[in-house]
Amino acid sequence: KGWTPLHHAICYNNFVLIKHYIQALPTLVNDIANDTDLHPLLLPVVIPGCVDLNIITFLLDHEADPSMENPFIGFN
């Protein structure tokens with residue numbers, strides 16, 4: 001169990017890889033099967049340095065679900 005390559009690409013603001021992963025496997029856009037239960041759309045908001053409106057817009061344009069709930073409370 002762990003983060004998907006998409007989660008890492010988002011955290012490193014690697015837009016080229018993000019586009020590649022979503023185009024190759026569109027269901028990744030709503031994947032929460034990782035060790036922190038973080039939805040990819042939440043990463044750019046809660047991880048310092050990850051905020052990129054282009055990434056958020058791209059995820060939303062590719063049907064990321066902003067209403068998905070995450071059990072995320074915060075990092076220690």
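Please read all numbers here as calculations on a predicted model, not as lab measurements. Just so you know, residue 1 is the first one in the sequence shown, and it goes up from there.
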- With Ile56 as partner, the option from Asn54, Leu53, Asp52 fulfilling side-chain contact (heavy atoms from CB on, under 4.5 Å) is Leu53
- Query: Are any of the side-chain heavy atoms of Leu25 and Leu6 separated by less than 4.5 Å?
  - Reply: no
- Using the side-chain contact (heavy atoms from CB on, under 4.5 Å) rule, take Ile55 and Leu43 through it: C-alpha gap first, then chi angles, then the decisive distance, then the call. CA-CA 10 Å; Ile55 291 172; Leu43 289 174; over 6 Å; no
- Aromatic rings Phe58 and His62: how do their planes relate, parallel, tilted or perpendicular, breaks at 30° and 60°? tilted
- Is there a side-chain contact between Pro66 and Leu41, using heavy atoms and a 4.5 Å cut-off? yes
- Hphob cluster co-occupancy, Leu17 + Tyr12, side-chain heavy atoms under 4.5 angstrom: no
- Message: What verdict does the side-chain contact (heavy atoms from CB on, under 4.5 Å) test give for Asn30 and Met68, after you've listed the backbone C-alpha separation in whole Å, the side-chain angles of each residue and the deciding distance to 0.1 Å?
- Response: CA-CA 8 Å; Asn30 288 309; Met68 286 185 76; 3.5 Å; yes
- Find the distance between CG (Asp61) and CD1 (Ile22) and round it off to the nearest 0.5 Å. 11.5 Å
